[in-house]
Undergrad: 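Okay, handing you the structure first.
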Amino acid sequence: MPELPEVEVTRRRIAPLLVGRRIRRLETTAPSYFFLTQPARLKRRLKGRTMLRVERIGKYLVAPLDDGGRLVIHLGMTGQLFGAGASSLRLLSATARAALTPEAQQGFRPDAHTHLRFHFDDDGPAVFMRDVRKFGKVLWLAPGEAHPRLERLGVDALRVTGEVLFRATRKRDRAVKNLLLDQTIVSGIGNIYADEALHRAKLRPTRRARRVTRAECEELAAAIRSVLERSIETGGSSIRDYVTPDGSDGGFQEERRVYARKGEPCLTCGTAVRCIVVGQRSTHYCTSCQR
DNA sequence: ACCGCACCCTGAGCGC
DNA sequence: TGCGCTCAGGGTGCGG
């Protein structure tokens, strides 16, 4: 679901609701693989703590705590982080909403998929984390504790350079799109922005990495940075489940050029956008513009 | 090093 | 209406 822009927009909008507020109590759902730190331990570690800031590392949100520990959250495919004031209109599925009375649709009522519920000493709005598919993750790190998932991440996609891509692509036989999705090389790019960046850089997703020239690496890096920055400006892509922390939609889906536009005309040349499978992911590109 | 696959889940959309 | 199927912004771990 969320890639770098969606995680970054979430970070910016949820930070004011989290930072500096002492956590009185954390409620969770039952233990599941969603919890890399078990619920009971998580509750103990967070009770009475205050988040100092909310940072983003790749697609992870990391909040340093006032005791030196860190709370780490990954949104997975369907993760949503939002304040209690958010409208349930977009947070819940259409079927779930249909079961609600009009009054109940106004504010969000935690449901079975609401895995984290932060309550604060100030009695202000609670903060919820909801994840229907539970592909997201939450964990607590002790002061100074490292975590392999974070340690392995490559350069942040907002700061990727042609040089980084050039070095990573040499002698690699894999499709350039697969390389972009590899978080250990560049972190933050997912299926939407890989396709969008490759279209803007006029590169075919299946091109072997080592066949990408130096100049093309520069163009690709620039395309990655600009498409991500533009998406952040517009609030991210709300194509399926993503909503911002206030429950509203992002706007970047209106600016997509290829992703989920199979059969529709390329906005550059009019050729029908083609959809193939690369690395087990649906992949959209223009057979004419992208070589 | 890299590919394909199974797996972790739930829900929407579609054809029949 | 309902069933069965496919698909989905994520990532890990395995065998080959």
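What you see is a predicted model, and the numbers here were worked out from it, not measured in a lab. Naming: A, B, ... by sequence-line order, numbering from 1 per chain.
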Undergrad: Without decimals, in angstroms, what is the distance between A/Asp195 CG and C/dA8 C1'?
TA: 14 Å
Undergrad: C/dG11, OP1 or OP2 - any side-chain N/O from A/His74 closer than 4.0 Å?
TA: yes
Undergrad: Tell me the interatomic distance from A/Gln80, atom CD, to B/dT10, atom P, rounded to whole angstroms.
TA: 15 Å
Undergrad: I'd like to check the side chain to side chain contact (heavy atoms under 4.5 Å, CB included) partners of A/Asp123; sequence neighbours left out, ordered by chain and number.
TA: A/Arg24
Undergrad: Answer yes or no: does a side-chain N or O of A/Asn178 lie under 4.0 Å from OP1 or OP2 of B/dC2?
TA: no
Undergrad: Would you give me the side-chain donor-acceptor pairs under 3.5 Å for residues 264-276 of chain A, sequence neighbours excluded?
TA:
from     : atom 1 : to       : atom 2 : distance (Å)
A/Glu264 : OE1    : A/Arg261 : NE     : 3.2
A/Arg274 : NH1    : A/Tyr285 : OH     : 2.9

Undergrad: Looking at residues at least two apart in the chain, or sitting in another chain, which of them share a ring-ring contact (aromatic ring centres under 6.0 Å, His included) with A/His199?
TA: none
Undergrad: Side-chain donor-acceptor pairs under 3.5 Å in residues 25-35 of chain A, sequence neighbours left out?
TA:
from    : atom 1 : to       : atom 2 : distance (Å)
A/Glu27 : OE1    : A/His119 : NE2    : 2.7
A/Thr29 : OG1    : A/His115 : ND1    : 2.8
A/Ser32 : OG     : A/Phe34  : N      : 3.2
A/Tyr33 : OH     : A/Arg133 : O      : 3.3
A/Tyr33 : OH     : A/Lys134 : O      : 3.3

Undergrad: Kindly give the cluster partners of A/Val62, where membership spreads through any ILVMFWY side chain lying under 4.5 Å from a current member.
TA: A/Leu36, A/Ile57, A/Tyr60, A/Val72, A/Leu139, A/Leu141, A/Leu150, A/Leu153
Undergrad: Send over the distance from A/Asp182 CG to C/dT12 C1', rounded to a whole Å.
TA: 13 Å
Undergrad: Among C/dT12, B/dC3, B/dG11, which is the nearest nucleotide to the side chain of A/Arg149?
TA: C/dT12
Undergrad: Using atom types as modelled, flag every donor-acceptor pair under 3.5 Å from a side chain in residues 214-226 of chain A to any protein atom, sequence neighbours excluded.
TA:
from     : atom 1 : to       : atom 2 : distance (Å)
A/Arg214 : NH1    : A/Glu163 : OE1    : 3.3
A/Arg214 : NH2    : A/Glu163 : OE1    : 2.5
A/Glu216 : OE1    : A/Arg207 : NH1    : 3.0
A/Glu216 : OE1    : A/Thr213 : N      : 2.9
A/Glu216 : OE1    : A/Thr213 : OG1    : 3.3
A/Glu216 : OE2    : A/Arg207 : NH2    : 3.1
A/Arg225 : NH1    : A/Val160 : O      : 2.7
A/Ser226 : OG     : A/Ala222 : O      : 3.2
A/Ser226 : OG     : A/Ala223 : O      : 3.3

Undergrad: I'd like a list of close polar pairs between nucleotides 5-9 of chain B and the protein, N/O only, cut-off under 3.5 Å.
TA:
from  : atom 1 : to       : atom 2 : distance (Å)
B/dC9 : O5'    : A/Tyr33  : OH     : 3.4
B/dC9 : O4'    : A/Tyr33  : OH     : 3.3
B/dC9 : O2     : A/Arg133 : NE     : 2.8
B/dC9 : N3     : A/Arg133 : NH2    : 3.4

Undergrad: Start with the C-alpha gap between A/Glu55 and A/Arg11, add the side-chain angles, then the distance that decides, and say whether salt bridge (Lys or Arg N to Asp or Glu O under 4.0 Å) holds.
TA: CA-CA 7 Å; A/Glu55 299 164 347; A/Arg11 185 192 71 78; over 6 Å; no
Undergrad: Can you find a side chain N or O atom of A/Arg152 that sits less than 4.0 Å from OP1 or OP2 on C/dG11?
TA: no
Undergrad: Mind listing the residues from residues 272-279 of chain A sitting with a heavy atom below 4.0 Å of DNA chain B? Number order is fine.
TA: none
Undergrad: Give A/Thr184 one of three labels, base, sugar-phosphate or nothing, depending on what nucleic acid heavy atoms sit under 4.0 Å from its own.
TA: nothing
Undergrad: Does the side chain of A/Arg45 reach to within under 4.5 Å of the side chain of A/Asp67, using non-hydrogen atoms?
TA: no
Undergrad: Does A/Leu179 share a hydrophobic cluster with A/Val164, counting links as ILVMFWY side-chain heavy atoms below 4.5 Å and allowing steps through other members?
TA: yes
Undergrad: Nearest whole Å is fine: how far is B/dT10 P from A/Leu75 CG?
TA: 19 Å
Undergrad: Do A/Phe252 and A/Tyr259 have ring centroids that are under 6.0 Å from one another?
TA: no
Undergrad: Within the structure shown, what part of the strands sits under 4.0 Å from A/Tyr259 by heavy-atom distance: base, sugar-phosphate, or nothing?
TA: sugar-phosphate
Undergrad: In whole Å, what is the span from the NZ atom of A/Lys262 to the P atom of B/dG13?
TA: 18 Å
Undergrad: Can you find a heavy atom in the side chain of A/Val127 that is under 4.5 Å from one in the side chain of A/Phe120?
TA: yes
Undergrad: Does a side-chain N or O from A/Ser282 land closer than 4.0 Å to OP1 or OP2 of C/dA8, or not?
TA: yes
Undergrad: Taking only heavy atoms on the protein side, list every residue of residues 159-175 of chain A lying under 4.0 Å from any atom of DNA chain B, sorted numerically.
TA: A/Arg172, A/Arg174, A/Ala175
Undergrad: Just how far, in rounded Å, is C1' of C/dG13 from CD of A/Gln183?
TA: 17 Å
Undergrad: Give the C-alpha distance, both sets of side-chain angles, the deciding distance and a yes or no for side chain to side chain donor-acceptor pair (under 3.5 Å) between A/Lys177 and A/Thr283.
TA: CA-CA 9 Å; A/Lys177 174 171 175 178; A/Thr283 297; 2.9 Å; yes
Undergrad: What residues form a salt bridge (charged side-chain N to carboxylate O under 4.0 Å, His left out) with A/Arg22, not counting sequence neighbours?
TA: A/Asp121
Undergrad: Tell me: CD1 of A/Ile239 to C1' of C/dC7, nearest whole Å?
TA: 14 Å
Undergrad: Listing request: all ring pair (Phe, Tyr, Trp, His ring centres under 6.0 Å) pairs with a residue in residues 12-31 of chain A, at least two apart in sequence or in separate chains.
TA: none
Undergrad: May I have the distance from A/Asp131 (atom CG) to B/dG11 (atom C1'), rounded to whole angstrom?
TA: 13 Å
Undergrad: Does DNA chain C take part in any stems of at least 3 consecutive Watson-Crick or G-U pairs (both distances under 3.5 Å), and if so, which ones?
TA: B:2-8 with C:10-16, B:10-16 with C:2-8
